[in-house]
Amino acid sequence: MADEKMATVRDVLAAQIANDPSIIGAKVDGRVVDVHTPFPLREGARVDPVRSSDQDGLRIIRHSTAHVMADAVQRLFPGTKVTIGPAIAAGFYYDFDKPSGPFTDEDLAKIESAMREIIAAGRPFRRELTSRDEAHALFERMGESYKRELIDAIPANEAISLYRHGSGDGEWVDLCEGPHVPSTSFLKAIKLVSVAGAYWRGDERNPMLQRIYGTAFPSQKALDAYLKQLEEAKARDHRKLGKELDLFMFHEYAPAMPFLLPKGAHVYNGLIEYVRDLYRTEGYEEVVTPQIFDKRLFEASGHWAHYTDNMFFATSQDRLEELFTDERFASKLEKLLAAKKAGNVGEVSEIIKSVVDLAQKPMNCPSHCLMYKHRRRSYRELPWRVADFCRLHRYERGGVVHGMARVRSFAQDDAHIFCPPEKMGDEIDRFLKFFYGVYGALGFKKIDIKLATRPDERIGTNEQWDMAEGALEQVLRNQELAFEFSPKEGAFYGPKYEFHVEDALGRSWQLGTLQIDYGLPDRFELEYTGADGAAHRPVMLHRAIYGSLERFFSVFIEHTAGAFPVWLAPEQAVVVTVSERQTDYAHEVVAYLAGKGLRVRADVGSDKLGAKIRNARLGRVPYVVVVGDKEAADRKVAPRSRDLDKDLGPMPLEDFAARLSAEATPPRLHAKASS
RNA sequence: GCUGGCGUAGCUCAAUCGGUAGAGCACCUGCCUUGUAAGCAGGGGGUUAGGGGUUCGAGUCCCCUCGUCAGCUCCA
């Protein structure tokens with residue numbers, strides 16, 4: 001372009017920077033650049049300041065901190081090679097190839113103090129453009145073989161830039177796009193968090209590198225707030241609360257399969273009951289289906305070809321004896337032994353799998369298709385909304401299971417909607433309102449939706465994809481819900497909504513879903529008779545509000561910090577006596593409240609009042625109801641509210657019962673969707 | 001699955017160089033008769049995850065298995 005000149009942001013925004021030292025970069029026509037590096041400035045270009053507190057500014061700070069960390073690591077551990085070190089949502093990391101093995105916690109402390117020295121020295125960052133050959137030669141000399149690989153991956157038409165900080169012996173250089181802060185002294189608050197293994201380029205066939213995670217903030221105050229939030233998250237960890245509140249347990253005889261203890265089962269079932277009730281008005285019909293199926297079902301659905309890595313298999317004694325007389329089995333055994341001798345693991349497992357006759361279901365859809373096919377269907381009975389809370393089993397790899405959040409045995413608030421393709425829009429609309437209603441009622445304030453569109457590898461015609469994606473998009477626009485596209489992230493059989501639900505700590509979880517599926521109706525040859533008397537193929541919607549109940553439960557525990565709302569709480573009140581004299585009265589109060597359908601227990605033990613209250617509070621019981629001589633004399637109670645965190649004072653037993661009953665009613669759906 | 005860490009009483013954790021397995025809480029019993037976050041005393045409770053090895057001797061060192069944690073990968 002003709003009217004370009006070289007300039008720095010520092011010059012262009014001189015007046016603003018003079019008044020605002022937090023400006024550490026700028027967005028020039030949408031691209032983030034340093035304040036100190038000259039760049040070609042187009043006449044009339046838009047230059048917006050980027051401050052250290054902005055998302056973009058934070059990235060600059062963190063990425064610069066990553067460079068400083070790598071510098072410190074290479075000073076302290078000569079021979080360690082650098083790879084990549086980006087800024088991420090919560091901070092940054094840098095992956096190293098360290099021949100002497102992993103970093104220890106002591107190493108981290110040393111690295112951190114070396115970083116502080118580099119920061120205190122105020123070394124300037126400098127950007128430098130270079131040729132591909134020069135860059136190659138430079139990293140060759142330095143022995144940085146990973147950087148050479150990275151250079152090769154940069155497209156030929158893109159410039160190669162280096163960043164240096166420091167000078168002379170203190171200089172450190174990295175292949176880097178930038179941008180960076182002007183000098184290391186701009187880094188105000190840093191912290192190394194953890195160390196972990198990570199594969200070069202994320203591929204498990206590649207060598208394992210040593211990754212150090214850290215974070216950085218524009219001020220010590222912001223860093224402290226972040227560390228405090230980490231602590232809060234730790235305190236709310238559902239695995240910890242699950243133990244403390246007696247919600248669930250695990251056992252090595254069923255790894256990654258939760259055992260819900262009575263209190264946990266109460267909340268879990270309460271969540272199910274809540275949507276089950278709503279199903280009546282929302283037009284769903286609930287069914288109950290088998291756990292174990294002949295593998296022919298999964299051959300029909302496609303799971304046998306694509307999903308057996310995640311499936312549990314089953315068999316029976318009769319089947320095993322039947323194999324004894326099966327000639328084909330004998331020849332399979334020979335093949336198996338040959339494959340074993342040849343060390344062919346894949347073939348051995350294929351042969352064994354071919355003998356297996358039964359499998360645990362990993363999903364409900366195939367059995368719902370069988371139910372659909374059970375008889376001829378008319379257009380008059382569609383849409384058919386089939387709900388199912390049956391347990392599902394999926395084999396998840398050992399490294400991915402996590403408390404209740406990722407398990408091998410779970411249930412979903414699963415339902416499938418079979419409908420004519422032209423009715424799809426109405427069903428999506430209806431479901432979205434239902435979905436937002438439930439999350440609003442459960443106290444979640446913010447949900448982001450993404451529309452995941454066709455992936456490269458897919459089934460179905462382009463017309464079908466157009467229609468399905470169009471329907472999903474149109475409903476969002478009609479309901480005026482903000483959304484983003486998630487390109488190519490749809491399932492291979494159809495597009496879907498992803499719901500990202502934000503919890504009380506501002507963390508986002510992907511919970512429910514809505515997916516459109518043309519594939520299964522084809523595979524199972526589902527049909528309905530239309531008004532024209534001809535056979536038509538329905539489309540199938542997979543939808544869940546909670547998604548996996550186990551996973552939802554884990555999020556809900558952390559969201560509420562274990563303080564479940566009164567209507568879901570396993571124990572709604574504990575009646576505590578001041579002395580043994582009130583034992584009879586306490587039992588009378590419990591009987592009265594229980595008679596109103598409330599879940600109440602008496603604590604008439606020999607503990608002092610303070611200890612009883614402490615125990616009830618640790619158990620997150622919504623009300624601690626104190627009864628002493630004064631209350632017993634007047635048929636009163638003195639409740640203390642968990643949520644208001646205060647003593648409500650003496651009140652007639654009937655008044656308290658009315659208050660508790662009101663709070664024990666499940667919330668109504670919040671009619672208005674929010675996003 | 002991979003890399004690394006961890007596994008001691010129901011829970012949270014001690015146990016020096018390889019030398020008699022302990023504490024607090026919880027539980028049980030008794031005393032205390034209690035007024036808004038822990039009253040006092042006593043008692044029971046362990047194949048130190050499981051298996052193998054080294055050693056005069058293993059919670060401790062080595063190997064295998066299982067479980068678990070963090071990260072990576074995965075989540076049709």
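Reminder, nothing fancy here: chain letters follow the sequence lines and each chain counts from 1. Computed from a prediction, not measured in an experiment: that's the story for all the values here.
B:G10 and B:G5 have their P atoms separated by 27 Å, with the value rounded to a whole Å. B:C61 and B:C74: their P atoms are spaced 36 Å apart (whole Å). Distance noted for atom C1' between B:C62 and B:U55: 12 Å (whole Å). The separation of B:A41 from B:A37, taken at their C1' atoms, amounts to 23 Å, rounded to a whole angstrom. Rounded to whole Å, the C1' atom of B:U8 lies 15 Å from the corresponding atom of B:G50. Straight-line distance between the P atoms of B:A49 and B:C25: roughly 25 Å, to the nearest whole Å. One C1' atom belongs to B:C13, the other to B:G53, and the distance between them is 30 Å to the nearest Å. Atom name P, nucleotides B:A15 and B:C6: the rounded distance is 14 Å, in whole Å.
Comparing atom distances between the A:Met363 side chain and each of B:A76, B:G71, B:G35 picks out B:A76 as nearest. You'll find that the side chain of A:Ala198 is closest to B:C72, out of B:A37, B:C72, B:C11. When distances run from any side-chain atom of A:Glu631 to the nucleotides B:U34, B:G35, B:A37, the shortest one goes to B:G35.
Here B:U47 sits opposite no nucleotide as a Watson-Crick or G-U wobble pair (both hydrogen-bonding atom distances under 3.5 Å). In this structure B:C6 sits in a base pair with B:G67, meeting the Watson-Crick or G-U test at under 3.5 Å. Base pairing annotation: B:C56 forms a Watson-Crick or G-U wobble pair with B:G19, both donor-acceptor distances under 3.5 Å. Within the shown strands, B:G42 is the pairing partner of B:C28 under the Watson-Crick or G-U definition, both distances less than 3.5 Å. Shown here, B:A14 forms no base pair; nothing in the strands shown gives a Watson-Crick or G-U wobble contact with both key distances under 3.5 Å.
OP1 and OP2 of B:C74 both lie 4.0 Å or more from every side-chain N or O belonging to A:Tyr395. Phosphate contact (OP1/OP2 of B:U73, side-chain N/O of A:Arg211, threshold under 4.0 Å): absent.
No hydrogens or angles were tested; on distance alone, a donor-acceptor pair under 3.5 Å links the side chain of A:Arg640 to the base of B:U36. Between the side chain of A:Glu252 and the base of B:G7, no donor-acceptor pair under 3.5 Å is found. In this model, a side-chain donor or acceptor of A:Arg406 finds a partner on the base of B:C74 within 3.5 Å. Within 3.5 Å, a donor on the side chain of A:Arg397 pairs with an acceptor on the base of B:U73, or the reverse.
Note on A:Arg617 versus A:Asp645: salt bridge recorded, some NZ/NE/NH1/NH2 to OD/OE distance being below 4.0 Å. In this structure, A:Glu571 pairs ionically with A:Arg601, as a charged nitrogen and a carboxylate oxygen lie closer than 4.0 Å. Contact check on A:Arg236 versus A:Glu232 returns a salt bridge, with a Lys/Arg side-chain nitrogen under 4.0 Å from an Asp/Glu carboxylate oxygen. One finds no salt bridge joining A:Arg507 and A:Glu502 here, because no Lys/Arg side-chain nitrogen approaches an Asp/Glu carboxylate oxygen to under 4.0 Å.
The main-chain N or O of A:Ile516 is never found under 3.5 Å from a side-chain atom of A:Lys496 such that the two would form a donor-acceptor pair.
If A:Gly605 and A:Gln210 are placed on RNA chain B by their nearest nucleotide, the residue sitting closer to the 5' end is A:Gln210.
In summary, the side chains of A:Arg523 and A:Ser301 do not present any donor paired with an acceptor at a separation below 3.5 Å, with no hydrogens or angles considered.
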